[in-house]
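Ligands are counted one by one from 1 in listed order, and the atoms in each one are counted from 1 as well.
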Amino acid sequence: MKPRFLLPGFLSLLLLTGCVPLRTYTDYETTTTTVESSLSDRAVPREKPLPVHLVRVAIAVRQPSARLLVPSGASVTGVSSLNARTVEQGGHKYYSFDLTVHDLQGPAVFRSNENGDMQVNGNRYRGTLEVLDDHDGYVTVINELPMADYLMGVLAGEIPSSWPMEALKAQAVAARTFAVYKQMEARRKNLPFDLENTTQYQMYLGSRLVNQNISQAVLETRGEIMTYQDQPIMAVFHSNCGGETTGAEEVWGRPMPYLRPVDCSFDRKGKHYKWQAEMGIAEAARKLRAAHIPLYDISHIDSIRRGDGGRVLSLVLNDGNGRSQKIKGAAFRMALGPDVIRSTRFDVKLEGPKMVFTGTGWGHGVGMCQDGACGMAKAGYGAFDILRHYYYGIILDKMNSD
Ligand SMILES: [Zn+2]
C-alpha cells in the first residue's frame with residue numbers, strides 16, 4: 001500500500017497576477033531525431049491511456065535528486081511525510097521535499113490545491129508533479145497538467161507577452177500542434193512523458209510568467225491545431241530566420257511537405273535579426289575536436305557551400321599541418337555553440353588569432369519565424385495568415401479538447 005496523505009494547514013490563495021517582465025526569448029532548436037532513442041529504454045506501461053487534454057512534461061530529467069516545494073493541503077502519494085520539511089515563503093507555509101531514488105516507494109505524486117502552485121527549481125507548476133525512479137540512481141520529475149495550462153507556460157517561455165495578439169495566437173496554435181504531434185509519438189512508444197521543457201521541444205517555465213494576454217491567446221484558439229493530410233504537423237519554429245526560412249531537409253536531412261523555404265521580410269526589426277560573434281581560433285579548434293572533428297588549428301577556410309537561401313550547407317577547414325575537414329554548416333554551428341553562432345546564415349573570416357562571424361537570424365530557420373510572426377501581426381495579418389505563410393498547405397482543424 002502506497003502512503004497517501006494530505007499536507008496539513010490552509011493557505012490563502014496565491015495570486016499570480018501583476019506585472020510580467022518582458023522576456024528575452026531563446027534560441028529554439030527542435031529536432032526530430034535525438035530524444036526518443038535515448039528514452040526508448042525508459043518506457044513504462046500505463047494502466048490506462050491518458051486523455052489527450054492532459055500533457056506530461058518532463059521538467060527535470062535524470063537528476064541525482066529533486067527538490068519540490070509543495071503548499072500545505074496538497075495531496076502526496078508514494079513518499080513518506082517524514083521526507084517533508086516545513087518552510088515559510090512569502091508568509092505562506094510550504095513543505096519542502098528533497099528526494100532521491102532511495103526515498104521513493106514507487107512514483108511519488110504531488111497534487112496541488114487552491115492553496116497555491118507547487119515549485120521546482122524556482123518555477124511554479126499546476127496540476128500534478130510525479131517523481132520517478134529513472135534507473136541508475138537518477139530521478140525524473142514530470143508535470144502532468146491540462147493542455148491549456150501547459151500552452152500558457154509555453155507562450156510565457158517562448159515569446160514576449162507584449163507582442164500583438166495575432167502573433168500570440170499563431171504561437172499558441174503552433175505550440176499546441178507541436179505538443180499534440182509529440183504526444184502522439186510518445187504515447188505510441190509508451191514513453192513516460194510527452195515532451196521535455198527544453199529548446200529541443202519547446203520552452204515551458206511553468207505558470208510563473210503567465211498573464212492576461214497569454215491566457216487570451218490560448219483560450220481564443222482553444223483546440224485549434226494545424227494538419228496536413230489529416231495529421232497534426234510537426235510545427236517547429238525559431239526566433240528569427242534572417243530573411244528566409246529553410247526547408248526541413250536542409251537541417252534534418254528529410255524533406256517535409258509543409259516545411260518549405262519561404263521569404264520573410266517581416267523579421268528585420270526583430271531583436272535577433274543581425275548578430276556578430278568572435279571566437280579565438282584555438283578555442284574553436286578545441287570545440288571542433290570535442291565534436292570529433294580533428295584539427296590542430298584553423299589556418300584557412302574555403303569551399304563554403306550555401307543553399308538557395310544563403311545558409312552555409314558545408315565548409316572546409318584547413319589546419320597548419322595540411323589537414324582539411326569538410327563539415328556541415330549545422331554541425332559546425334552546434335560544435336562552436338548555437339548561442340554563439342546563432343544561425344547557419346553567416347560569413348566568417350580569420351583575423352589574426354580570431355574567427356570573426358557576421359550573420360542574420362537565430363535558430364534552425366525551419367517553420368514559423370517568431371520575429372516574422374510578430375512583424376506580420378503588426379502589419380495587420382491575422383493568426384491564420386501567419387501560420388499559412390510559414391507552414392505550406394496546412395489547414396486549421398479543431399480538436400475536441402483544449
Ligand atoms: Zn523571418
Side-chain angles (χ1 to χ4, degrees), residues 22-31 154-155 157-175 177-178 199 202-203 217 226 233-252 255-277 306-313 329-330 333 338-347 357-394:
L22 187 68
R23 291 186 46 73
T24 303
Y25 46 106
T26 52
D27 189 12
Y28 187 74
E29 289 303 328
T30 299
T31 63
V154 171
L155 259 63
E158 284 287 349
I159 56 174
S161 59
S162 57
W163 275 9
M165 183 50 63
E166 293 303 306
L168 297 182
K169 283 162 69 178
Q171 177 68 76
V173 174
T177 307
F178 183 78
T199 52
Q202 44 194 6
M203 288 305 292
M226 291 176 280
I233 68 164
M234 190 178 78
V236 290
F237 44 85
H238 56 277
S239 291
N240 189 309
C241 72
E244 184 181 325
T245 70
T246 189
E249 66 281 3
E250 209 172 274
V251 178
W252 300 304
M256 301 190 91
Y258 49 82
L259 296 175
R260 300 181 181 183
V262 296
D263 279 332
C264 177
S265 56
F266 299 98
D267 60 7
R268 302 294 192 277
K269 291 183 181 163
K271 194 171 166 184
H272 302 302
Y273 180 65
K274 276 191 175 169
W275 58 271
Q276 290 185 319
R306 293 178 188 275
D308 292 341
R311 291 172 189 275
V312 174
L313 297 180
R333 175 178 174 232
D339 293 340
V340 182
I341 313 301
R342 292 182 165 190
S343 73
T344 52
R345 187 189 284 277
F346 64 79
D347 287 313
F357 297 88
T358 51
T360 58
W362 194 355
H364 51 57
V366 186
M368 187 176 76
C369 166
Q370 291 171 321
D371 277 346
C374 180
M376 284 186 76
K378 283 180 177 168
Y381 290 96
F384 185 54
D385 303 323
I386 295 170
L387 295 168
R388 285 281 291 200
H389 179 68
Y390 291 107
Y391 303 105
Y392 179 84
I394 52 101

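The backbone N or O of Gly242 sits less than 3.5 Å from a side-chain atom of Thr360, completing a donor-acceptor pair. Checking side-chain atoms of Tyr258 against main-chain N and O of Met234 turns up a donor-acceptor pair under 3.5 Å.
Between Tyr381 and Phe266, a ring centre-to-centre spacing shorter than 6.0 Å is recorded.
For the pair Arg342 and Trp275, the NZ or CZ position fails the cation-pi test of under 6.0 Å to the six-membered ring centre and within 45 degrees of the ring normal.
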Salt bridge (charged side-chain N to carboxylate O under 4.0 Å, His left out) evaluation trace for Asp339 with Arg333:
CA-CA 9 Å; Asp339 293 340; Arg333 175 178 174 232; 5.8 Å; no
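A distance of 8.0 Å separates CD1 of Ile159 from SG of Cys374, quoted to the nearest 0.5 Å.
Annotation: protein N, O or S atoms under 2.8 Å of the Zn ion (ligand 1) (waters excluded) comprise Cys241 SG, Cys264 SG, Asp267 OD2, Cys369 SG.
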